[in-house]
Amino acid sequence: MKKLILSLLIGAFVMTGLSANPSTGSGTVVFVYFSATGTTERMAKNAATAMGADIFEIEPVHKYTSADLNWHDKKSLSSIECNDPKSRPAIANKIDISGYDTVILCYPIWWAYAPKIMYTFVESQKWEGKKIVTLCTSGGGGLGRSGTDLAKYAKGAKLLGGKDFTRGKADEIKKYIEGLLK
């Protein structure tokens with residue numbers, strides 16, 4: 001009986017070590033997202049669930065209010081941040097991507113760019129040898145060059161691609177990412 005239990009335990013350890021993320025077959029994948037209104041959060045969570053991947057939320061120290069997000073007001077916090085290339089809003093939580101091979105960055109588009117908190121996150125991590133995919137939600141402007149802009153700050157990482165998935169379904173996102181990872 002002891003031999004049977006030992007064999008089963010060894011078999012389980014061997015099987016779990018064969019592929020850290022069987023949905024992609026190419027190592028471990030994590031989704032890291034920032035969402036001020038919930039749109040990007042829904043997209044990221046649905047896609048991470050479909051892929052069986054881990055997920056982390058970038059939580060700002062200062063939670064954005066609707067007044068902060070008013071793009072009609074040049075004095076709103078998000079407008080000020082977007083117009084200041086050196087702006088790096090503080091992040092409240094620690095996120096460690098060291099155990100992942102591929103990082104899927106998910107964010108809304110603000111004034112044709114990724115929110116500055118995404119730059120704070122990217123600059124806080126070690127990217128050597130990692131792959132990045134950028135996914136955004138937008139009001140119609142699309143991804144633009146936000147992915148390539150962020151990748152410039154991810155020293156040593158390889159940007160595989162990026163796409164606007166504002167209205168995308170989780171299975172479409174999974175198919176897109178798996179295509180990039182082949």
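What's counted below: heavy atoms across the whole structure, side chains too, no hydrogens, waters or symmetry copies.
Residues Phe121 and Phe34 place their aromatic rings such that the two centres sit no closer than 6.0 Å.
A 4.5 Å side-chain heavy-atom check between Ile177 and Leu135 finds at least one atom pair inside the cut-off. Leu69 is listed as a side-chain neighbour of Trp110, based on a closest heavy-atom distance under 4.5 Å. Contact annotation: the side chain of Leu150 never approaches that of Ile132 to less than 4.5 Å [non-hydrogen atoms, C-beta and beyond]. By the 4.5 Å heavy-atom criterion applied to side chains, Val30 and Ile55 are not counted as neighbours. Two residues are said to be in side-chain contact when any heavy atoms from C-beta on lie closer than 4.5 Å; Leu160 and Leu181 meet this criterion.
The nearest pair of heavy atoms linking Ser76 to Ala67 is CB-O, 3.3 Å. Scanning both residues, Asn70 and Ser78, for their nearest heavy atoms gives N-OG, 4.4 Å. The two atoms that bring Ile173 and Ala47 nearest to each other are CG2-CB, 3.6 Å, heavy atoms only. Ser35 and Gly38 get closest at one heavy-atom pair: OG-N, 3.0 Å. Residues Val32 and Ile95 come closest through the heavy atom pair CG1-CD1, 4.2 Å. Pro89 and Thr120 make their closest contact through O-OG1, 2.9 Å (heavy atoms, listed as atom of the first residue, atom of the second, distance).
With respect to Lys155 and Glu128, no salt bridge is recorded, no charged nitrogen being found less than 4.0 Å from a carboxylate O. Between Lys45 and Glu41 there is a salt bridge, with a side-chain nitrogen of the basic residue lying less than 4.0 Å from a carboxylate oxygen of the acidic one.
For OH of Tyr153, the number of neighbouring non-hydrogen atoms (other residues, nucleotides, ligands) closer than 6.0 Å is 12 at most. Annotation for Trp71: atom CH2 does not count as buried by contact number, only 12 or fewer foreign heavy atoms lying within 6.0 Å. Surrounding NZ of Lys94 are at most 12 heavy atoms belonging to other residues, nucleotides or ligands under 6.0 Å away.
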Exercise for review: Could you walk me through whether Thr148 and Leu159 pass the side-chain contact (heavy atoms from CB on, under 4.5 Å) test, one step at a time?
Suggested key: CA-CA 7 Å; Thr148 55; Leu159 177 64; 3.8 Å; yes
Exercise for review: Evaluate the side-chain contact (heavy atoms from CB on, under 4.5 Å) criterion for residues Cys106 and Met43: first the C-alpha distance (whole Å), next the side-chain angles of each, then the deciding distance (0.1 Å), finally the verdict.
Suggested key: CA-CA 8 Å; Cys106 305; Met43 180 264 292; 4.1 Å; yes
**Study point:** Derivation of the side-chain contact (heavy atoms from CB on, under 4.5 Å) call for Thr134 and Leu143
**Key:** CA-CA 8 Å; Thr134 58; Leu143 184 70; 3.9 Å; yes
Point to revise | Stepwise side-chain contact (heavy atoms from CB on, under 4.5 Å) check, Val61 with Ile91 | key: CA-CA 5 Å; Val61 167; Ile91 297 174; 5.9 Å; no
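In the model, Tyr113 has no side-chain atom that pairs as donor or acceptor with a side-chain atom of Asp149 under 3.5 Å. A donor atom on one side chain and an acceptor atom on the other are found under 3.5 Å apart for Tyr107 and Ser146. A donor-acceptor pair shorter than 3.5 Å can be found between the side chains of Thr65 and Asp68. In this structure, a donor-acceptor pair under 3.5 Å is present between the side chains of Glu81 and Tyr64. Defined by atom type and a distance below 3.5 Å, a donor-acceptor pair is present between the side-chain atoms of Thr137 and Thr40.
Within the model, atoms NZ of Lys174 and CD of Glu178 stand 5.0 Å from one another, a figure rounded to the nearest 0.5 Å.
Formation of a donor-acceptor pair under 3.5 Å by the Trp127 side chain with backbone atoms of Val122 is found in this model. Remark: the backbone N or O of Lys116 is not paired with any side-chain donor or acceptor of Ser87 at under 3.5 angstrom. Side-chain atoms of Asn46 come within 3.5 Å of backbone N or O of Arg42 as a donor-acceptor pair. Under a 3.5 Å cut-off, the side chain of Lys130 and the backbone N or O of Lys158 do not form any donor-acceptor pair. In this structure, Asn93 contributes its side chain and Ile58 its backbone to no donor-acceptor pair below 3.5 Å.
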Please tabulate, for side-chain N and O atoms in residues 162-170, each donor-acceptor pair with protein atoms closer than 3.5 Å (sequence neighbours left out).
from   : atom 1 : to     : atom 2 : distance (Å)
Asp164 : OD1    : Thr166 : N      : 2.8
Asp164 : OD1    : Thr166 : OG1    : 2.5
Asp164 : OD2    : Ser138 : OG     : 2.7
Thr166 : OG1    : Ser138 : N      : 2.7
Thr166 : OG1    : Ser138 : O      : 3.3

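Trp111 and Tyr119 fall within the same hydrophobic cluster, where Ile, Leu, Val, Met, Phe, Trp and Tyr residues are linked whenever their side-chain heavy atoms come under 4.5 Å apart, directly or through other members.
With sequence neighbours left out, the ring-ring contact (aromatic ring centres under 6.0 Å, His included) criterion links Tyr33 to no other residue.
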